[in-house]
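One structure is given below, encoded as structure tokens.
The chains referred to below are lettered A, B, ... by the order of the sequence lines, with proteins before strands, and numbering in each begins at 1.
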Amino acid sequence: MQASFDVRLLDSTYEVVQKETPQGNDREDVIVKLYGKTRENKSVTILCPDFKPYFHVFEPTGELRKTLESHEDVLSVSDVKLEYKGSVEEFLEVKVRAPWLVPRFRSDHELQHKTIYLENPPAELLEQLRAEQDVSDVIPGHEVKVSTIDRVYSQKLIHKYGLFKYMDAKEQEKFRSKGTFFAADIVFTNRFIYDMDMETCISVKGEVIETKSQYTTDIVLKASEFGKCDIFTPGLKIMSFDIESSIKYGNIYCICLTVLDEATGAIEERMISSVFGPRTEDMSPGEKDDRDEDERRMLREFIEEVRKLDPDIITGYNINNFDLAMLYDRSNLLLGNNNNNNGEKQKKPAGEFMTIGRDSLGLTRRENRTTGFVNWDLKGRIVLDAWLSVKKELRPKREGLGYVSAMLFNDTKDNINSTKMDEEWVNRRDEVVKYCLKDADLALRILTHPRINTVNKLMDVAIPSKLPVKEVSGGQNRMIESLLIRMVDREKIAVPMSTGETYDYEGGFVYETKPGLWEWVIGLDFSSMYPSQIIKHNICFTTVTKNKDEAEHVSPMNAFFLPHEKRHGIVPRMVEGLLTSRKQAKAMMKQAKADGDSDKAEYYNRLQNAIKVLSNATYGYFGTKFCRWPFNKYIAPSITAWAREEIRMVVSTLESRGYTVIAGDTDSVFFTSKDHRNVEDCKLLGFRIQQEFSEGNMHLELEKIMERFFAHAKKRYFGKIIWPEETLLIRGYEPRRTDSFDLQSETMTKVFQIVLEGKPDDAVNYSKDTIENTLKGRIDLSSLVISKSVNDFDSYDNPDSLVHVNVAKRLQEMGYEFTPGMKTPFIITNASVQPIKAEPIIEGVPFTARPDYKYYAERLAMALSRITEAFGCDERTLMQGNSQRTLEFFCEEKPVIKAEPAAGKEQSKKIKQTATLDMFM
DNA sequence: CGAATACGGGG
DNA sequence: GTGTACGTATTCG
């Protein structure tokens, strides 16, 4: 049956299938598969045959051309002309049978060298080589060493001057059947999406396949035609799940899941639990088998439910590190046919049995080699860990499910002691299952909470980046490349591969902060500083020139860019497109607001934000080693250099007019004026300066006015904003450490408050008092507790040097049970020795040891001094209290309070500030 | 001081 | 998957 759908793309993959040829023999073939959701909220699998992988090779030698032409895996070769570094060059387009063959061709034929060694070349040739623009060095000698700036130019030189005859056999080997590969690292399905010019929403026509075979989606469609369609945002099915298990025995007790269908608001819940109690050490083989069989049943039930419910998103709390690993390990162990004849475990592709992907394939695990970070993938579904979303969006001080739930919706986990799950499972089985479901529910509510809203945000950025939603959940690279590669392809420009080279360059300008407490501070910033610089100076890999004469833009780091009229760069055009569509989105938002359509307004607000993310990421992309474009080492540094020039100009103009600039970073400046001491005056001044410095596509904007502003160092400040809205601003102080003790964060918060009330003297006193109380032990023990989790002892390189590991060892010696990964609370008792000594906190046992109050006081002083230093009170002074030495110390210091005196009625403040000094003396 | 290492979170 | 992206505080050297 023929049908047509509008589809929002969620994921893409490919499959190798057997295809019958007219000759009757089977041949491997590739089909692209797209997964998505239709406008009617139906899940769909789209099968797209007839697309083949291809790549380009620069000016291949005769040998390489012959090898490729006659290779059994090569479907076709054709000559194409593509632009590379400003010139049109000859390339060979090579179409191959399957994506996984491309890396194989690369390893067999990719040229690795850009230095050529020549034996006895004539002197005349050497002169010619030296004169070549792209030769960076010619070192004469027995063997002449010719270095070029990239492999393409090595190839060009060899061809142009017939250099093979001056190369020995070994040297020839490096170049003979090798070539420089282009576009051979573009993920196959992305290549498909770019070439078909698909966006995140497509319209597709094709034949509905009635027997769904392995697919779990509502619809399976064999595509015959693709078209454009308007953007829409279907309701997704979001599943959250949680597993309770035994650490000791490794088995699963229960799996609970909850599924929200955004389209209808309906929620479905499932609880799958074991009929057995905990395992024991002395179980008989028969008992063990029964329990294994029971767990097998649970896993199978889980798989069946997921396939039936067919969610688009799978979430849970810390599922990347725990629950998914649990499913993976247990299904490998229990569902694999590991009970074969000789009892040996059969090696199977891992995750294969957890068949919950939309194509019935299993769970795949990817571990980052350097970070150890684990990523899970299910075809057609998007795996999102609510924990990671929370970290990214909220940066809460503690990241536990209970803490975050309390913070977001004042709800909390059920009362189950998860560290004693075996015990809880014996005594309160029903409650554990409820607790498990509750956790799944909390994770779902967190992921969809307005302040987190991960699913919507991903759906949104997918729009301007024109990609399936799963693609944008990875990194920003892919989003930028999605836009760039399409433009570049259309204009017949070659797509080089990243060389992975890194280079250091200077970043944004950071003004040396004037520490102190200030009043009536005006904050301005350039909107979209980096994108604006790209546009202003036509910065692009297509506009770089070595010829200063034809350049219109000369960056402060001496890179030259062509005038916009001569060649309008691809990157500036891309960024302009983004800024324009952001303006449109903002206008739509305004319109929707005016119409009273708050949902629509909210949508356009998120969309404009997504576009902002994308346009800002453009600069970042050119600064990474993954950036594939030539001249990238001129692009990012030129952007930042021009930006530094721009903001410096503002700073120096303001200073030349007698205003005091207090802080500034990359695109922002904070300053204060003696003659503007109220909101209205500050607004007038701010707007005047905004107008003065906004020119062309650069827009300096009055962002905020602060009644009080405290700055202590670069990137560390807080303030009380009173315009355009009254809010608190805190930067760089976020006390986000879970291993800090309560007293520290509580005191810090209190000190912020006092400072912003305009009472720095009180803040210093409060700090001193708290430190003194701590030193003298007049402090609640519970506010000193530090809690850290302790892993397997032998997982540490140097376990004895770590306090928390030693505490866990002591717990074990004292006869308490210790489970690796367990959170261990303790109080430091002696920090003057190495390793630091601490005593564990044990529930129900009174803490009798004496805390190392000096240690705690010092840590407090260290944290608080970052603020009090601005008032002339450093860490040492804080520790010394009001002693005579304090006084001496202060006498040598320059004036401490830097608040600008307020005019007229505010005079009393000045007196108070003097009083602060008096107090110290 | 910059580089290396560990944590967080889950049961 | 035609790859290679945690962010941050503390300790180490």
Next item on the list: Flag the pair A:His109 / A:Phe181 as yes when their ring centroid distance falls below 6.0 Å, and as no otherwise.
Entry: no

Next item on the list: Looking at every strand, decide which applies to A:Pro103 at a 4.0 Å heavy-atom threshold: base, sugar-phosphate, or nothing.
Entry: sugar-phosphate

Next item on the list: With heavy atoms under 4.0 Å as the rule, sort A:Asp385 into base, sugar-phosphate or nothing.
Entry: nothing

Note to self: Mind checking if A:Lys52 touches a base, just sugar-phosphate, or nothing, with heavy atoms under 4.0 Å?
What the structure shows: nothing

Check: A:Glu471 and A:Asn190: side-chain donor and acceptor closer than 3.5 Å?
Finding: yes

Next item on the list: In whole angstrom, give the distance that lies between atom CZ of A:Phe322 and atom P of B:dG10.
Entry: 10 Å

Note to self: The side chain of A:Tyr317 is closest to which nucleotide in this list: B:dG8, B:dG10, C:dT2?
What the structure shows: B:dG10

Next item on the list: Tell me what A:Asn477 touches on the nucleic acid: a base, only sugar-phosphate, or nothing, going by heavy atoms under 4.0 Å.
Entry: base

Note to self: Distance check needed: B:dA6 C1' versus A:Lys788 NZ, whole Å only.
What the structure shows: 7 Å

Note to self: Applying a 4.0 Å non-hydrogen cut-off, can you work out what A:Ile243 is touching in the nucleic acid: base, sugar-phosphate, or nothing?
What the structure shows: sugar-phosphate

Note to self: Categorize A:Ile319 for me: base, sugar-phosphate, or nothing, with a 4.0 angstrom heavy-atom threshold over every strand shown.
What the structure shows: nothing

Next item on the list: Starting from P on B:dG9, measure out to NZ on A:Lys413 and report it in whole angstrom.
Entry: 11 Å

Notebook entry, point to check: Separation of A:Leu384 atom CG from B:dG9 atom P, in whole Å?
Noted result: 20 Å

Item checked: Nucleotide C:dA9, atom P - distance to CE of A:Met748 in whole Å -> 11 Å

Note to self: Looking at A:Glu110 and A:Arg106, is there a salt bridge between them, counting it only when a charged N and a carboxylate O are closer than 4.0 Å?
What the structure shows: yes

Check: What nucleotide, of B:dG10, C:dT2, B:dG8, holds the atom closest to the side chain of A:Glu399?
Finding: B:dG8

Margin query: Parallel, tilted or perpendicular, judged at 30° and 60°: which one describes the rings of A:Phe302 and A:Phe241?
Written below: tilted

Next item on the list: Tell me whether the guanidinium CZ or amine NZ of A:Lys33 lies under 6.0 angstrom from the six-membered ring centre of A:Tyr14 and within 45° of its axis.
Entry: no

Next item on the list: For A:Thr364, answer base if it contacts any base atom (sugar-phosphate contacts may also be present), sugar-phosphate if it contacts only those atoms, and nothing otherwise; contact means non-hydrogen atoms under 4.0 Å.
Entry: base

Next item on the list: Looking only at non-hydrogen atoms, find the nearest pair between A:Thr412 and A:Lys438 and report the distance.
Entry: O-NZ, 3.0 Å

Next item on the list: Using a strict cut-off of less than 4.0 Å between a Lys/Arg side-chain nitrogen and an Asp/Glu carboxylate oxygen, indicate whether A:Glu15 and A:Lys379 qualify as a salt bridge.
Entry: no

Next item on the list: Using a cut-off of strictly less than 4.0 Å, decide whether A:His804 has a side-chain nitrogen or oxygen near OP1 or OP2 of B:dC7.
Entry: yes

Note to self: In this structure, how many angstroms lie between the C1' atom of B:dG10 and the CG atom of A:Leu442, rounded?
What the structure shows: 14 Å

Note to self: Taking any heavy-atom pair under 4.0 Å as a contact, classify A:Arg106: base, sugar-phosphate, or nothing.
What the structure shows: sugar-phosphate

Notebook entry, point to check: Between A:Tyr403 and B:dG9, is there a side-chain N or O to OP1/OP2 distance below 4.0 Å?
Noted result: no

Note to self: With a 4.0 Å cutoff (strictly under), does any side-chain N or O of A:Ser789 reach OP1 or OP2 of B:dC7?
What the structure shows: no

Note to self: Need one value for A:Ala183: base, sugar-phosphate or nothing, where a base atom within 4.0 Å counts as base even if backbone is also close, heavy atoms only.
What the structure shows: base

Check: Ignoring hydrogens and angles, does a donor from either the side chain of A:Lys391 or the base of B:dG8 sit under 3.5 Å from an acceptor on the other?
Finding: yes

Notebook entry, point to check: Hey, does A:Phe55 reach any base, or is it just sugar-phosphate, or nothing, if we go heavy atoms under 4.0 Å?
Noted result: nothing

Next item on the list: Measure from CD on A:Glu110 to C1' on C:dT2 and round the result to the nearest Å.
Entry: 11 Å

Check: Between A:Arg478 and A:Met497, who's closer to the 5' end of DNA chain C by nearest nucleotide?
Finding: A:Met497

Check: Within the structure shown, what part of the strands sits under 4.0 Å from A:Phe105 by heavy-atom distance: base, sugar-phosphate, or nothing?
Finding: nothing

Margin query: Does A:Tyr796 reach a base, just sugar-phosphate, or nothing at all? Heavy atoms under 4.0 Å.
Written below: sugar-phosphate

Item checked: Touch class at under 4.0 angstrom, heavy-atom based, for A:Thr419 against every strand present -> nothing

Margin query: Side-chain N or O of A:Asn791 versus OP1/OP2 of B:dA6: is the shortest distance under 4.0 Å?
Written below: no

Note to self: Does a side-chain N or O of A:Arg859 approach OP1 or OP2 of C:dT10 to a distance below 4.0 Å, or not?
What the structure shows: yes

Check: How close or far is atom P of C:dC6 from atom CD of A:Glu393, stated in whole angstroms?
Finding: 17 Å

